[in-house]
Chemist: 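Sharing a structure here in structure tokens format.
We number each residue from 1, following the sequence as shown. First listed ligand is number 1; within each ligand, the first listed atom is number 1.
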Amino acid sequence: MAKEKIYFIVGSQDLYGEECLKQVAADTREMVDFLNSKIGEVVDIELLPTVETSEGCIKDMRIVENDDDCVGVITWMHTFSPAKMWIKGLQILSKPLLHLHTQANEKLPYDSIDMDFMNLNQAAHGDREYGFIVSRLDIPHQVVAGYYKHDDVVAKIRRFAEVAKAIAFSKKLKVAAFGNNMRQVAVTDGDRVETQIQYGWETNYYAIGDLVKIINEVTDAEVDAKMEEYTSKYTMKTSNIEAVREQAKYEVGFDKFLEKNEIGAFTDTFQDLYGLKQLPGIAAQNLMGRGIGFGPEGDYKIAAFSAVLMKMAENREGSTGFIEDYTYDLTQGEELELASHMLEVPVSFAATKPEIDVLPLGIGGKEDPARLIFDGVTGDAIQVTLVDMGDHFRIICADIEMVKQPKPMPKLPVARIMYRHKPNFAIGTAAWCYAGGAHHSVVSTALTKEDIANFARFTGTELIIIDENTTEADLLKFSGRKY
Ligand code: MN
């Protein structure tokens, strides 16, 4: 059973009599049991007392709000439920809300339907009354419509639960910034106060020396254990074992620092690595593979955002992680992008068994760092980023197709992924540029634009989608700051 829970609240009223309310409770219990059997490994769904009055609604919503394990709430109007009785309760609610527009019955019983049946099963009536008040209160919410046992409806509820869990995670996320933003870089910077207000991220500065102190106290035995993990998972291509042990020491040190300070994401910058012999390579790659958010060049937003999206994807197949747009193959009609980073490409993208190698790094002025080298996974994916536009944040989400690299790149000393833009290179990348999309992003084969749209909706973030339906005409709309 999952630790996180979602409460389920059903709406009715006291006009229909005891029998009707008993049936409402029984039907809803059956619905909750069914949903738990389908998505119980993602989230535990618990039924609250039926809302029949304004006071009852306030009581239920207080339970939702006060329970730290609760990440969201599902509501459904089995009968008519006059929506003024929902106003004060909904005003308390700050957690993600799913309005499930469904019925206890799939088919209409044409032969036996009478007024009792109509009064008992009137989501078409009650859910519209309720939908009006949620909309009028301007509460961010998701509506899922359809019979609750249908696979597509269950899948949407499951996705809602995953997004709600990610938002709860986001609200608690602490980010360590080792050093500041890389000098002169714009898109990695941003308003840390505002990201805390909107997404919950507590981003705080730490001296790299605080980390170096812990790294220097890492024992040989701890490094041995980490090296055993590396050699069991990866192919050792280098004979410079000492350089790899240095990275193993970094990872153990990072782990201790992150655990001690309850931190789920971090940034570093190669302009401030005092006390470290190498830029963290394998250390960062392996940490990202375990769901720790990372942002290079002081990019606290992508560090936090990648951690949140990895959390969202934790129960799904596929790869999710940080990446940087790097270089293109512009062969006409067959354009591809090669995305990578100096070192820090998450190991979760590996399609081939990663190789550990120690090679020079063009910048940074440090010793040659050990890194994992591999080719990337393939398949449908999204590329998503978050930028600070000064008076609001903007999420840009593009559908992409991850592809196998057409030829080997024997001299490229870093891990890499390759992808094709949608609807094509000219429109897809131009739209990204018009939208102000960063060169740091999160790529995921596990998440979809629907998940990102839900995250944007629940966090009140502007969203720009670039996909198969984006056209030249859409680009013409990107004419100014507000669109
Ligand atoms: Mn970068």
Chemist: Would you kindly check if the NZ (Lys) or CZ (Arg) of Arg420 is within the cone defined by 45 degrees around the ring axis of Phe425 and under 6.0 Å from the six-membered ring centre?
Modeler: no
Chemist: Which angle, to the nearest 10 degrees, do you find at the Mn ion (ligand 1) between OE1 in Glu297 and NE2 in His341?
Modeler: 120°
Chemist: Below 2.8 Å, can you find an N, O or S atom of Glu324 next to the Mn ion (ligand 1)?
Modeler: yes
Chemist: Using 2.8 Å as a strict upper limit, say whether an N, O or S atom of His440 approaches the Mn ion (ligand 1) that closely.
Modeler: yes
Chemist: Without hydrogens or angle criteria, can the side chains of Glu344 and Gln285 be said to hold a donor-acceptor pair below 3.5 Å?
Modeler: no
Chemist: Would the number of heavy atoms belonging to other residues, nucleotides or ligands and lying under 6.0 Å from NZ of Lys38 be above 12?
Modeler: no
Chemist: Would you say the ring centers of His150 and Tyr148 fall short of 6.0 Å from each other?
Modeler: no
